[in-house]
Amino acid sequence: MIKYLKEYRFYITLFLFLLIPVIALDTSTRAPRDYRFYDRVILAVTSPIQTAISWSLEQAVDLTQGYLYLWNVKSQNTHLFEENRKLLGQIASLKEAENENVRLREILNFQEKMKLESIIARVIAKDVSTEFRAVRLNRGENAGIKKGMAVITYEGVVGRVLRTTATTSDVVTILDLLSAVDAVGERSRARGVVEGLTDELCQMKFTLRTDDIQPGDFLLSSGLGGIFPRGVAVGTVSKVKKKQFGISQEIEVKPAVDFTKLEEVMVVLNQKVEVIEKPIEPKTAKAEKASDKNGKTEKTAGAKPAGKTPRVPKPKKVAEPAPPPGGTE
Amino acid sequence: MRSLILRTLNAPLFILLVALGAAVQSSLFNSYPLWYFQPDLILIAVIWCALRRTFTQGGILTLIFAGIAETHSSAPAGFFLCIYMTIFLGIRVFSRFFVISQFASLLIVTIGSAIAWKLLVLAFLVAFDRASAQFFHFLITVLPFAAIEGLMGYWLFKALDHFDRTTTQSETSRQLIEDELLVEEGL
């Protein structure tokens, strides 16, 4: 036996080298892969480097914008050089701070508008291949991020959390070939699933050929699937191709988010549960009489058996203060 | 003793270097339009494994490197394992028929492997029914990818050669590896 093993060692190893990837691929198509122990070890080593590089690049850009610009000023005006250097340096740093403030304020406004419990994270790395379009964020499980959470910006939907470690999380963007977001047209309410297509475009699938959808139409997340909050911008229809036959139409979508300038994102920790039930008022004696006459008891959500004091149903627990009674989105 | 320790450390250090390389690559080429010029350092490491390691050691290292690539990507598990292993085996077969002795021929192999890598990704995406518009993406990215891979290969193969000489130390140990390689493949 050992003799044969030795003799066919090369072929056995070759067989194993071919078998392992195929098994891995096969199992991944059955169940989505999470980080394993050794993946976490690799990430523990690599993610601080990614954070450091990302930070260094940012500092280098700041320095280039601030200092090199000043260097040109020096050659133009020697008398005012010192003063200009200080002022322009301040302007450069203030401008950067202002830009950051504007971005963060927009995120905060959006956060308040959408009534979402979320945290802000920074993009530190991109996918190793250009075919897949995931990004890595600098916050993970320690910040409360979990697999499957929605990631958005004030511009619109970015993607969903694929995997997490204690300090990082990977996000599959809507441009990724493996992503899918249920969307609805703002004007016509036509439904479809937005999937990744290229580095700049998505495609909307499963929209019926008879549905009214035109270039320029705005698409919003439908909230179906429970990952993305309802009503967040997904993109704009850029091209519609209707075939003469078939069930669906081909729709190209330009994402609402500019992925070339993606720096900060919001991870939705907890979507607010909307109170859609109207608080039920205690029945009046007249209404009770009428229902008794019919010999039937009207069934209403939250209605209590006769003889007991009817209670207003408690709204579900929400992260934000409850809206006024009867108030819905 | 020192050379023995260094030789033992060769593989773990190589893995660490590749892991760091993947991290640097994914964060340095993070911004637009730099991401179109993102090299694949893992592919260079796999080519090095195919040509400068024994079949078993190279194969195991390739599987580990592919695993590293998958932790930095949204690709389904096993996707990169299949692609890198195909590249590894392809180069092994290629090296049996063609002599890859010079540095220039190594670069040609790298450029060829980069194109093959892109084609394999496309083929796998077709198999997964996710290849719509990917052919155009392939056409756009294949040449810059091959060029950047060749350029990076020029520096990285020199660095890896230096790394191997430092960690395996003597010419005798290199000869031993090559003899082992020939015996394993029945030459």
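Protein chains get the first letters and strands the later ones, always in sequence-line order, with residue 1 at the start of each. Keep in mind the model is a prediction, meaning the values are calculated, not measured. Scope of the values below: all heavy atoms of this structure, side chains included, with no hydrogens, waters or symmetry mates.
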Search all heavy atoms of A:L162 against all heavy atoms of A:K147 and return the closest pair with its distance. O-CG, 3.2 Å
Select one option (side chain, backbone, both, neither) describing which atoms of A:R40 are under 4.5 Å from chain B's heavy atoms. neither
Heavy-atom pair of closest approach, residues B:I111 and B:A146: CG1-O, 3.8 Å
Identify whether the distance between the nearest side-chain nitrogen and carboxylate oxygen of A:E131 and B:K118 falls below 4.0 Å. yes
Nearest non-hydrogen partners of A:G159 and A:F228, listed with the distance: O-CE2, 3.1 Å
Contact origin within A:L262 toward chain B - heavy atom pairs under 4.5 Å: neither
Side chain, backbone, both or neither: which part of A:I124 has a non-hydrogen atom closer than 4.5 Å to chain B? backbone
Could you tell me if the side chain of A:V128 sits less than 4.5 Å from the side chain of B:D40, heavy atoms only? no
Part of B:I140 within contact of chain A (heavy atom distance under 4.5 Å): neither
Do A:F259 and A:V135 come close enough that some side-chain heavy atom pair is under 4.5 Å? no
Is any side-chain heavy atom of A:I152 less than 4.5 Å from a side-chain heavy atom of A:M266? yes
Contact check, side chains of B:R53 and B:W48, non-hydrogen atoms, under 4.5 Å: yes
Greatest number of non-hydrogen atom pairs under 4.5 angstrom with chain B, of A:V45, A:I20, A:I42, falls to A:I42
Do B:F80 and A:S129 have side-chain heavy atoms sitting under 4.5 Å apart? yes
Does any part of the side chain of B:L63, heavy atoms only, come nearer than 4.5 Å to the side chain of B:L81, both counted from C-beta? yes
If the contact rule is any heavy atom under 4.5 Å from chain A, which residues of residues 9-27 of chain B qualify, in numerical order? B:L16, B:A19, B:L20, B:A22, B:A23, B:V24, B:Q25, B:S26, B:S27
Heavy-atom pairs under 4.5 Å with chain B, option from A:T198, A:D170, A:L178 with the top count: A:L178
Closest heavy-atom pair and its distance - B:L107, B:G153: CD2-C, 3.8 Å
Begin from the C-alpha positions of A:E155 and A:K261 and carry the test salt bridge (charged side-chain N to carboxylate O under 4.0 Å, His left out) through to its verdict. CA-CA 11 Å; A:E155 289 175 311; A:K261 294 183 184 100; over 6 Å; no
If you tally heavy-atom pairs under 4.5 Å between each of B:T62, B:T141, B:I60, B:I64 and chain A, the highest tally belongs to B:I60
Counting only heavy atoms closer than 4.5 Å, note whether A:V123 contacts chain B via side chain, backbone, both or neither. both
Relative to chain B, which segment of A:E263 carries a heavy atom at a distance below 4.5 Å: side chain, backbone, both, or neither? neither
Portion of B:H137 that has a non-hydrogen atom of chain A nearer than 4.5 angstrom: side chain
Under 4.5 Å from any heavy atom of chain A - which part of B:F138: neither
Under 4.5 Å heavy-atom distance to chain B, tell me which part of A:L197 shows up: side chain, backbone, both or neither. both
